Amino acid sequence: MSTPARIFVFDTTLRDGEQAPGFSMDVPAKLAVARALDTLGVDILEAGFPIASPADAEAVRQVAAEIKRPVIAALARTRRQDIEEAARSLEPAARSRIHTFLATSDLHLKAKLRMTREECLASAVDAVTLARQFTDDVEFSAEDATRSDREFLCRVIEAVIRAGCTTVNLPDTVGYATPDEHREFFVEIIERVPNSDKAIFSAHCHNDLGLAVANSLAAIQGGVRQVECSVNGIGERAGNASLEELVMALRVRQDRLPYDTGINSPALFAASQLLSEVTSEPVQANKAIVGRNSFAHEAGIHQDGMLKDVRTYEIMRPESVGQSVSSRLVLGRHSGRHAVQSRCEALGFTLSHEEVDQVYHAVISLGEHRKAIADNDLRRIVERVRTPATANGGAPTPQPEAVGYGHGV
Ligand code: MN
């Protein structure tokens with residue numbers, strides 16, 4: 001098998017993510033997240049938008065001063081003062097990237113920027129030329145690229161590459177694309193732009209329709225070699241493509257997606273938890289990869305399968321993303337005998353067949369009132385079952401089935 005193509009992970013947790021309501025972070029919080037991103041192994045770390053505020057500029061400067069392995073990127077509009085401020089904030093960086101952006105869709109040009117297409121083209125070229133005076137790593141983003149006129153977009157891309165742009169990012173700013181469409185979009189653009197081989201193409205997908213990860217994967221199949229994403233998928237509105245989902249989709253489905261990233265996947269869960277902690281925003285329980293339920297099984301049929309062979313209900317190991325192995329089988333109303341017995345054994349109790357039955361029924365009935373049964377609850381139940389029958393409080397009659405009910409599919 002040939003070596004999988006390398007995909008560069010451009011993390012925007014501290015920029016697009018941080019600008020979402022409820023996710024703003026002070027400088028120490030940003031530094032803590034930047035360290036976690038470094039541990040994760042992101043290739044490019046977008047640290048902020050320096051012109052936006054002095055605190056933004058300071059955060060970029062401190063991240064650039066401390067974090068030396070990844071390329072540190074700073075965002076700038078195409079204005080001179082934006083680019084100069086970005087360059088100043090990036091001065092301490094070992095490797096820096098100026099990321100300049102301008103909308104290219106007629107809607108944004110007319111309604112928001114009040115600019116003609118020709119003014120847009122000139123402004124983009126000037127910005128890239130200026131940015132190249134500070135660093136030879138310059139990214140240009142054509143905001144609202146997916147809703148831009150193709151012919152015009154191709155002209156802009158060709159011109160910015162000629163001006164020295166090394167990464168061309170084409171965002172689906174409003175999260176409107178579908179996967180097949182997004183793949184075709186990149187195939188067409190890369191084919192039509194005569195100097196497209198001189199730059200790396202990049203996707204930046206938003207999750208308004210829940211398609212950000214699917215669209216990013218499709219973009220990779222369309223020739224993109226950089227994906228912009230964020231931890232926990234945070235970002236404007238419904239967020240950006242989730243870093244952990246993208247990375248694990250590529251890793252788990254190597255057979256269909258022969259690409260790889262430099263991400264140290266066992267560090268994913270810790271990064272997710274840290275971000276949740278510093279922003280006080282919880283991670284959705286059923287969030288893929290990093291949610292607390294993403295490797296938890298409560299249904300009896302699933303628990304029985306898991307105890308026999310984890311591959312029955314798991315496509316990746318929890319430890320491969322840094323989730324703990326111990327709490328995967330959750331005891332509750334939907335649990336089965338097999339899981340109850342297994343947890344009792346883990347707690348040091350060897351139970352008779354009859355005791356297992358009694359404990360199992362006590363777990364089910366306690367589960368009616370509780371979200372989950374903790375180990376201490378289980379210890380108490382076992383002790384109660386083991387006291388003389390008269391003090392047993394009348395355990396329900398044992399049922400003959402081997403596993404509990406709960407969702408089979
Ligand atoms: Mn964005």
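The figures that follow rest on heavy atoms only: side chains count, while hydrogens, waters and symmetry mates do not. Ligands are counted one by one from 1 in listed order, and the atoms in each one are counted from 1 as well. Note that the coordinates shown come from a computational prediction; the quantities given were computed from them, not determined experimentally.
Between Y313 and H302, the ring planes lie parallel to each other; the angle is under 30°, not in the 30° to 60° tilted range.
Ion pair K287/E245 flagged as a salt bridge, since at least one NZ, NE, NH1 or NH2 atom sits closer than 4.0 Å to an Asp/Glu carboxylate oxygen.
No donor-acceptor pair closer than 3.5 Å links the side chain of S272 to the backbone N or O of N232.
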What do the steps show when you test R35 against I67 for side chain to side chain contact (heavy atoms under 4.5 Å, CB included), and what is the final call? CA-CA 7 Å; R35 288 182 200 114; I67 309 291; 4.0 Å; yes

K371/V330 under side chain to side chain contact (heavy atoms under 4.5 Å, CB included): CA gap, chis, key distance, verdict: CA-CA 10 Å; K371 276 188 166 185; V330 177; over 6 Å; no

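No option in L40, L250, D43 other than L40 meets the side-chain contact (heavy atoms from CB on, under 4.5 Å) test with I263.
Only protein N, O or S atoms were considered, and those under 2.8 Å from the Mn ion (ligand 1) are D16 OD2, H204 NE2, H206 NE2.
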